Engineer: 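One structure coming up, written as structure tokens, with questions to follow.
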Number of protein chains: 2
Amino acid sequence: MPTTPTKRLDKIDIAILSTLQKNARITNTELARVVNLSTTPCFNRVRNIENLGLIKQQVTLLNPERLGLNLNVFISVSLERQVEDALRSFEEAISVRPEVMECYLMTGDADYLLRVVVPDTKALERFILDHLTKVKGVSNIRSSFALKQVRYKTELPLPANGMTLPDEESAPQEWL
Amino acid sequence: MPTTPTKRLDKIDIAILSTLQKNARITNTELARVVNLSTTPCFNRVRNIENLGLIKQQVTLLNPERLGLNLNVFISVSLERQVEDALRSFEEAISVRPEVMECYLMTGDADYLLRVVVPDTKALERFILDHLTKVKGVSNIRSSFALKQVRYKTELPLPANGMTLPDEESAPQEWL
DNA sequence: GGTGAAAACCTTACTCT
DNA sequence: AGAGTAAGGTTTTCACC
């Protein structure tokens, strides 16, 4: 058995990731200062992190309230029969709708859980009637409203003392 | 009645917001090119958008799979009695745990819905036993696993043709 | 890894339209 | 409001320790 070709992230790499997660616009100069490196090695580490495919995207988070997007709704959707084809067409239909922030296929009876952001209940109604119910195979829809967003963050939890990366694409594991 | 002091975002402002939502690291020069403006007015508009408080944060999104964070779990938590004090202490306890990505207070019987990201079921168990069940007032915990993250985005839906901003802080509306 | 310096590029302010 | 220009500052790269 060959030694695993996993890369190891040390404490400094983690500190860089952690800092970038909180601030995408930090300059290399300041990042270097934060992690106690000079600019060149810091720059090289960031490049290495990018090459490892650890960074998905750098984005701007807007204030939903200031934009009048005051409604967070969780919608449970059940499909009649979980034929792979029905799942695929549901996922495609959902993925073009801008108000669908998140969508998960859940354990259980082929249920999807959606988080939808809309300005008001009128817009929610339009989304459900015009888009959700029109998808073939949708059988049950249940909406729950969020009274309050207690927490929302994009920062993933990272181990404080370095880590070994899992083999990239451990081939979606085919069990016997 | 005085005229409402709402600001209006035109098509170009929306285009800027939309572009920034997708890319936090775009330079002003390139942003200007994208929205068909020269750098100066583009720069001024971005500054105006910042001053309106529309931008919450600029962040780096990491790849959870590449980091071995393969488990998305939704946890419904019910509190015994929804005394305001119990709610507050639950929210505080939850807000220091790095694995809690999202937390919503839902309509119904003072239920919270959490989205938690962990590397494996062991870590989930530790979170539930060491942190959730130890919070005073927690009565019921129900976990659902996500088999697949069909969609995850941070980009809020914006109207294509401009919009009027709602009055800022329309005083958390006190009804009689 | 670290240093220093040079090239390229960005930001920002001023002025004119 | 937007365009052009130019000064000043940063980032990024390169050669070398």
Side-chain angles (χ1 to χ4, degrees), chain A residues 5-63 66-67 158-165, chain B residues 3-63 158-166 168:
Chain A
T6 51
K7 303 265 176 172
R8 180 140 184 100
L9 299 182
D10 65 14
K11 251 172 144 159
I12 296 181
D13 292 316
I14 297 286
I16 290 174
L17 281 176
S18 172
T19 307
L20 288 178
Q21 282 202 104
K22 295 190 199 94
N23 181 4
R25 298 219 73 165
I26 193 172
T27 63
N28 184 56
T29 318
E30 200 190 337
L31 179 59
R33 203 181 47 72
V34 169
V35 302
N36 290 311
L37 241 50
S38 63
T39 63
T40 308
C42 182
F43 182 79
N44 289 333
R45 278 169 183 266
V46 172
R47 201 217 305 248
N48 181 245
I49 284 169
E50 286 167 353
N51 290 339
L52 285 172
L54 263 37
I55 292 180
K56 188 163 47 171
Q57 211 184 350
Q58 307 202 265
V59 302
T60 301
L61 305 181
L62 303 183
N63 268 327
R66 295 291 291 113
L67 291 160
L158 297 175
N161 303 310
M163 67 183 293
T164 303
L165 292 181
Chain B
T3 63
T4 52
T6 52
K7 304 265 178 173
R8 179 140 184 101
L9 299 181
D10 65 13
K11 249 172 146 160
I12 298 182
D13 292 316
I14 297 286
I16 289 174
L17 281 176
S18 172
T19 306
L20 288 178
Q21 281 202 103
K22 294 191 199 95
N23 182 4
R25 299 218 72 167
I26 193 171
T27 62
N28 183 56
T29 318
E30 201 191 337
L31 179 59
R33 205 182 46 73
V34 170
V35 302
N36 290 311
L37 240 50
S38 65
T39 62
T40 308
C42 183
F43 179 78
N44 289 333
R45 279 168 181 267
V46 171
R47 199 215 298 250
N48 180 243
I49 284 168
E50 286 167 352
N51 290 340
L52 285 172
L54 263 38
I55 292 181
K56 187 163 47 172
Q57 209 184 350
Q58 306 201 267
V59 302
T60 301
L61 304 181
L62 303 183
N63 269 326
L158 297 176
N161 303 311
M163 68 182 293
T164 302
L165 292 181
E168 69 170 296

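When reading the values below, keep in mind they use all heavy atoms of this one structure, side chains included, and skip hydrogens, waters and symmetry mates. This one's a predicted model, so the numbers in the text were calculated from it and none came from an experiment. Letters go in sequence order (proteins before strands), and every chain restarts at 1.
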Engineer: Measure CG/A:D10 against C1'/C:dG1 and give the value in whole Å, please.
Structural biologist: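 The answer, rounded to whole Å, is 12 Å.
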Engineer: Which is true for B:S38 with a 4.0 Å heavy-atom rule: it touches a base, it touches only sugar-phosphate, or it touches nothing?
Structural biologist: base
Engineer: In this structure, how many angstroms lie between the P atom of D:dT10 and the CG atom of A:L31, rounded?
Structural biologist: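 The distance from CG of A:L31 to P of D:dT10 comes to 16 Å, rounded to the nearest Å.
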Engineer: Give a yes or no answer on whether the side chain of B:Q57 reaches the backbone of A:K22 with a donor-acceptor pair at less than 3.5 Å.
Structural biologist: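 Yes, the answer is positive, given that a donor and an acceptor are paired below the 3.5 Å cut-off.
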Engineer: Consider the side chain of B:T27, meaning its heavy atoms from C-beta on, and name the nucleotide among D:dA3, C:dT11, D:dT12 that approaches it most closely.
Structural biologist: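 Between D:dA3, C:dT11, D:dT12, the one nearest the side chain of B:T27 would be C:dT11.
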Engineer: Specify the separation, in whole Å, of atom CG of A:N28 and atom P of C:dC9.
Structural biologist: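 Atom CG in A:N28 sits about 18 Å away from atom P in C:dC9.
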Engineer: Roughly how many Å is it from CD in A:E30 to P in D:dT10, rounded to a whole number?
Structural biologist: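 It is 11 Å, rounded to the nearest whole Å.
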Engineer: Do the side chain of A:R66 and the main chain of B:L165 share a donor and acceptor less than 3.5 angstrom apart?
Structural biologist: no
Engineer: Using a strict heavy-atom distance below 4.0 Å, which residues from residues 40-52 of chain B are in contact with DNA chain D?
Structural biologist: B:T40, B:P41, B:R45
Engineer: Which donor-acceptor pairs under 3.5 Å do the side chains of residues 39-47 of chain A make with protein atoms, sequence neighbours left out?
Structural biologist:
| unit_1 | atom_1 | unit_2 | atom_2 | d |
| --- | --- | --- | --- | --- |
| A:N44 | ND2 | A:T40 | O | 3.4 |
| A:R45 | NH1 | A:D10 | OD1 | 3.0 |
| A:R45 | NH1 | A:D10 | OD2 | 3.3 |
| A:R45 | NH1 | A:D13 | OD1 | 3.0 |
| A:R45 | NH1 | A:D13 | OD2 | 3.4 |
| A:R45 | NH2 | A:D10 | OD2 | 3.3 |

Engineer: For B:R33 and C:dC9, give me the distance from atom CZ to atom P, rounded to whole Å.
Structural biologist: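 About 14 Å, once rounded to whole Å.
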Engineer: Are there more than 12 heavy atoms of other residues, nucleotides or ligands under 6.0 Å from atom NZ of B:K56?
Structural biologist: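 Count over threshold, so yes.
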Engineer: List the atom of B:V35, the atom of B:A15, and the distance in Å for their closest heavy-atom pair.
Structural biologist: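 Heavy-atom minimum between the residues: CG1-CB, 3.9 Å.
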Engineer: Between A:E50 (side chain only) and A:I55 (backbone N and O only), is there a donor and an acceptor less than 3.5 Å apart?
Structural biologist: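 Not at all, since once roles are kept as given, no pair shorter than 3.5 Å links the two residues.
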